[in-house]
Amino acid sequence: MMEIHRLPAHLQRFFTERLLTQMQASPNTVASYRDTFRLLLGFAQDRLGRAPTELLIADLDADLVGDFLSFCEAARGNSARPRTARLAAIRSFFNYVAVNEPQLLLHCQQVLAIPTKRHDKPVVDFLARNEMEALVASPDATWFGRRDRTLLLVMLQTGLRVSEVIGLRVCDVHLGTGAHVRCTGKGRKERATPLRSDSREALRRWIDEHGGGPDDPLFTTTRGTPLSRDAVERIVRKYTAIAAQTCPTLANKRVTPHVLRHTAAMELLHNGVDRTVIALWLGHERVETTQMYVHADITLKERALARTRPVADDGRRFHATDELLAFLEAL
């Protein structure tokens, strides 16, 4: 009977057996799934009036899950993209339940049938050359300023994700011949990203000043702990506001750590680097993902336009001679 299948035991096994043991999911994936189910269980508790430890799998039906996703959009301000991520976590759990508890297959299928919401894909934002220079020049000469300038310079040149930057250790930086940084990105893929001379020298000075052992984090707080994701976002916002005083175009841009990643990709694209190399540089799973930078690059489109010739136009326009064709034309 469906009523005997209690939620706590299945959810705990999903995290310990499925995610951590069988899939060996990354800490970021585990944290994302954990946050989704904390919100979902809190929502179910408010809706059903029972503590999470008393819930049954049958309580998490398609209606409740659908209402939860709507709640995330309306009350928490989630866009379609975070909604999709939360739905992916819930689907993963119910796929696990369906395999291990065939009696619940119909119930699981109803939840798994909840559709993913389509969303607009905006053109990626990136910084122009003068905006990059203003941002890197904005930190002062204090300890925090030296750390933050090195951080911004590395992010703009390497295009590392926030999780990759804050995960860097001193031993991940190689400053000799063929200078590069090593990181482990999405899908546990390890990659090496070359360093430009200015980034190499900035990192050399920072490591000499910062010290620490090979396994110590590269970018730290004053207490020696690694920077958090929120701390990096605050750093980017802080210096964007300062740089906007000398570079007014930054005042109208929402600059995030991911915008710095996009900027690194666009710099490579503008300098003629092939999309395949850019995909390897950024750690993309598929080369097609890099296509979004081509769509965002108006310079490339203008070059393509310059190679075309105007089409002779006599000014005439099609006019429908039939009522049905006229109706279709008016749509």
Side-chain angles (χ1 to χ4, degrees), residues 2 4-45 50-62 64-65 68-69 72 76 78 81-105 107-112 114 116 160-169 171-172 182-191 214-219 225-232 257-258 282-286 289:
M2 187 177 295
I4 68 173
H5 297 287
R6 297 192 174 278
L7 178 65
H10 287 80
L11 190 58
Q12 289 172 358
R13 286 202 300 270
F14 169 70
F15 274 93
T16 57
E17 296 178 7
R18 181 67 167 172
L19 289 184
L20 296 176
T21 304
Q22 298 174 0
M23 295 177 60
Q24 293 187 336
S26 69
N28 287 333
T29 298
V30 174
S32 175
Y33 281 31
R34 175 204 64 203
D35 292 343
T36 293
F37 278 97
R38 284 198 309 189
L39 290 172
L40 177 59
L41 294 179
F43 179 83
Q45 181 177 15
R50 297 204 305 276
T53 53
E54 300 173 356
L55 294 175
L56 307 176
I57 291 180
D59 293 325
L60 302 185
D61 56 17
L64 187 141
V65 172
F68 164 70
L69 296 173
C72 289
R76 296 182 58 84
N78 288 168
R81 206 176 283 270
R83 178 192 187 276
T84 300
R86 300 204 187 284
L87 181 56
I90 295 169
R91 281 178 171 173
S92 182
F93 170 68
F94 278 96
N95 272 317
Y96 170 79
V97 173
V99 170
N100 289 276
E101 301 292 346
Q103 307 96 315
L104 299 176
L105 183 59
H107 176 78
C108 293
Q109 286 177 335
Q110 292 173 341
V111 176
L112 293 172
I114 298 175
T116 301
L160 296 181
R161 300 178 178 92
V162 178
S163 58
E164 296 166 348
V165 170
I166 62 180
L168 287 176
R169 299 168 299 167
C171 63
D172 294 325
R182 286 193 171 274
C183 70
T184 302
K186 283 186 176 180
R188 283 194 168 83
K189 296 191 298 292
E190 184 176 301
R191 72 182 190 277
D215 291 326
D216 288 341
L218 179 62
F219 296 109
T225 58
L227 290 175
S228 66
R229 179 185 295 268
D230 290 342
V232 175
H258 216 65
L282 298 178
H284 284 162
E285 186 73 28
R286 298 176 301 167
T289 306

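What you see is a predicted model; the values in this text were computed from it and never measured.
Contact annotation: the side chain of Leu168 approaches that of Cys183 to within less than 4.5 Å [non-hydrogen atoms, C-beta and beyond]. Here the side chains of Leu160 and Arg191 are in contact, with some heavy-atom distance below 4.5 Å. By the 4.5 Å heavy-atom criterion applied to side chains, Ile166 and Phe219 are not counted as neighbours. For the pair Arg18 and Arg13, the minimum side-chain heavy-atom distance is 4.5 Å or more.
Among all heavy-atom pairs drawn from Ala88 and Tyr33, the shortest one is O-OH, 4.1 Å. When every heavy atom of Arg229 is checked against every heavy atom of Ser163, the shortest pair comes out as NH2-CB, 3.8 Å. Nearest heavy-atom pair, Ala98 versus Cys108, reported as atom, atom and distance to 0.1 Å: N-SG, 3.7 Å. Between Ile90 and Phe37, the shortest heavy-atom distance links the atoms CA-CZ, 4.1 Å. Scanning both residues, Pro214 and Arg169, for their nearest heavy atoms gives O-CB, 3.7 Å. The nearest pair of heavy atoms linking Ala62 to Gln110 is CB-O, 3.6 Å.
Atom CD of Glu17 is separated from atom OH of Tyr96 by 4.5 Å, given to the nearest 0.5 angstrom. Note: His5 NE2 to Leu55 CG = 15.5 Å, rounded to the nearest 0.5 Å. From Leu19, atom CG reaches atom CZ of Phe14 across 4.0 Å, with rounding to the nearest 0.5 Å. Here Leu20 contributes atom CG and Ser26 contributes atom OG; the two are 10.5 Å apart, rounded to the nearest 0.5 Å. Of the inter-residue distances, the one linking Arg182 atom CZ with Glu164 atom CD reads 13.5 Å to the nearest 0.5 angstrom. Distance check: Thr29 OG1 to Arg34 CZ gives 12.0 Å after rounding to the nearest 0.5 Å.
Counting non-hydrogen atoms of other residues, nucleotides and ligands closer than 6.0 Å to CZ of Arg76 gives a total of 12 or fewer.
In this pair, Phe94 and His107 present their aromatic rings tilted. The plane angle is within the 30 to 60° band.
Tested against Arg86, the residues Val65, Thr36, Leu40 include a single side chain to side chain contact (heavy atoms under 4.5 Å, CB included) partner, Thr36. Under the side chain to side chain contact (heavy atoms under 4.5 Å, CB included) test applied with Leu69, the options Leu64, Thr84, Leu87 reduce to a single match, Leu87. Looking at Asp59, Leu60, Leu56 one by one, the single match for side chain to side chain contact (heavy atoms under 4.5 Å, CB included) with Leu7 turns out to be Leu60.
At distances below 3.5 Å, at least one donor-acceptor pair connects side-chain atoms of Thr21 with backbone N or O atoms of Thr16. Put simply, the side chain of Arg6 never gets that close to the backbone of Thr53: no donor and acceptor are under 3.5 Å apart.
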